[in-house]
Amino acid sequence: MEQPFDRRDGFIWYDGKLVPWAGATLHVLSHGLHYASCVFEGERAYGGAIFRSTAHSERLKKSAELLDFQRLKGLRLDLAQYRRPDPATIPAKAKAAGLYMICTISKHQAERKGYADAMMLDWRGLVAECTGANILFIQDGRIHTPTPDCFLDGITRQTVIELARRRGIEVIERKISPDELSKFSECFITGTAAEVTPVAEIADWRFKPGSITKQLMEDYTAEVQPRAAAA
Ligand code: PMP
């Protein structure tokens, strides 16, 4: 008799890695099991290459979109009590442990209020960054982001700016005052941990994660996981 499906040999790609066949399990309360929130593809490889892999991936994404799986929620951020210091008082652009004291306090204060993180202003009262990630905004199809003159110019930030420019999206680095936040439609943060994460709220300001954020999330995933994107 043929082996039951759950007891076969081999490996399965599961949540971003190859796991032994028997280890690719789902919880009994999985939403997909009870409420059928599930889409799938059947694909076959010939000579080691998946036949029409891109067409299958596109259909999978389309199926998910049709079932409304693609909603970008966005983080809720507080406005931090402490400000990024004047570079005349501390080496503000170093990734030095001492600079993280106010970040940790700010993150913990935000979390106690039910927020994911906090956006910090700088010593002048201008928009700076989050406690461990950079911040970017979108207005009329252009990206606006604070000039990193007193905080870390993150490697993810630089990568995303390059990806945006490659797509022909204008990126403007400038001083941004918090009064301007009501004019921006989309907002997202970048960092090695955050990758590209949409933001829905900063204190009383509201944003709607939209097409540019989504595009850059996809471009960033393709950039950091080139083989996964090409498969
Ligand atoms: N700002 C701060 C304060 C950070 O700790 C980080 C994370 N290293 C970033 C920005 C983002 O930098 P990167 O994209 O290089 O991770």
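Sequential numbering from 1 along the given sequence is applied to the chain's residues. Counting starts at 1 for both ligands and their atoms, in listed order.
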May I have a table of the N/O to N/O pairs between ligand 1 and the protein that fall below 3.5 Å, each row giving the two atom names and the distance to 0.1 Å?
from, atom 1, to, atom 2, distance (Å)
ligand 1, 1 (N), Glu129, OE1, 2.5
ligand 1, 5 (O), Lys95, NZ, 3.4
ligand 1, 5 (O), Tyr100, OH, 2.4
ligand 1, 8 (N), Lys95, NZ, 2.8
ligand 1, 14 (O), Ile155, N, 3.3
ligand 1, 14 (O), Thr156, N, 2.9
ligand 1, 14 (O), Thr156, OG1, 2.6
ligand 1, 15 (O), Ile155, N, 2.8
ligand 1, 16 (O), Thr192, N, 2.9
ligand 1, 16 (O), Thr192, OG1, 2.6

TODO: Supply the members, apart from Val28, of the Ile/Leu/Val/Met/Phe/Trp/Tyr cluster built from side-chain contacts under 4.5 Å; use none for a lone residue.
DONE: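 For the cluster that includes Val28, the remaining residues are Leu29.
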
Task: For Val160, the option from Thr190, Ile143, Val171, Thr145 that meets side chain to side chain contact (heavy atoms under 4.5 Å, CB included) - done: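 The single option meeting the side chain to side chain contact (heavy atoms under 4.5 Å, CB included) with Val160 is Thr190.
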
Task: Sequence neighbours excluded - ring pair (Phe, Tyr, Trp, His ring centres under 6.0 Å) pairs with any residue from residues 137-190 - done: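 Listed by first then second residue: Phe137-Phe184, His144-Phe184.
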
Task: ring pair (Phe, Tyr, Trp, His ring centres under 6.0 Å) contacts in which one or both residues fall within residues 98-130, not counting sequence neighbours - done: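 Applying ring pair (Phe, Tyr, Trp, His ring centres under 6.0 Å) to every pair that reaches into residues 98-130, excluding sequence neighbours, yields nothing.
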
- [ ] Verify the distance criterion only: is there a donor paired with an acceptor across the side chains of His56 and Glu43 at less than 3.5 Å?
- [x]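 No pair is found: no donor N or O on one side chain lies under 3.5 Å from an acceptor on the other.
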
TODO: Taking all non-hydrogen atoms of both residues into account, name the closest pair between Gly132 and Asp117 and its distance.
DONE: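 Minimum heavy-atom separation between Gly132 and Asp117: N-OD2, 4.3 Å.
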
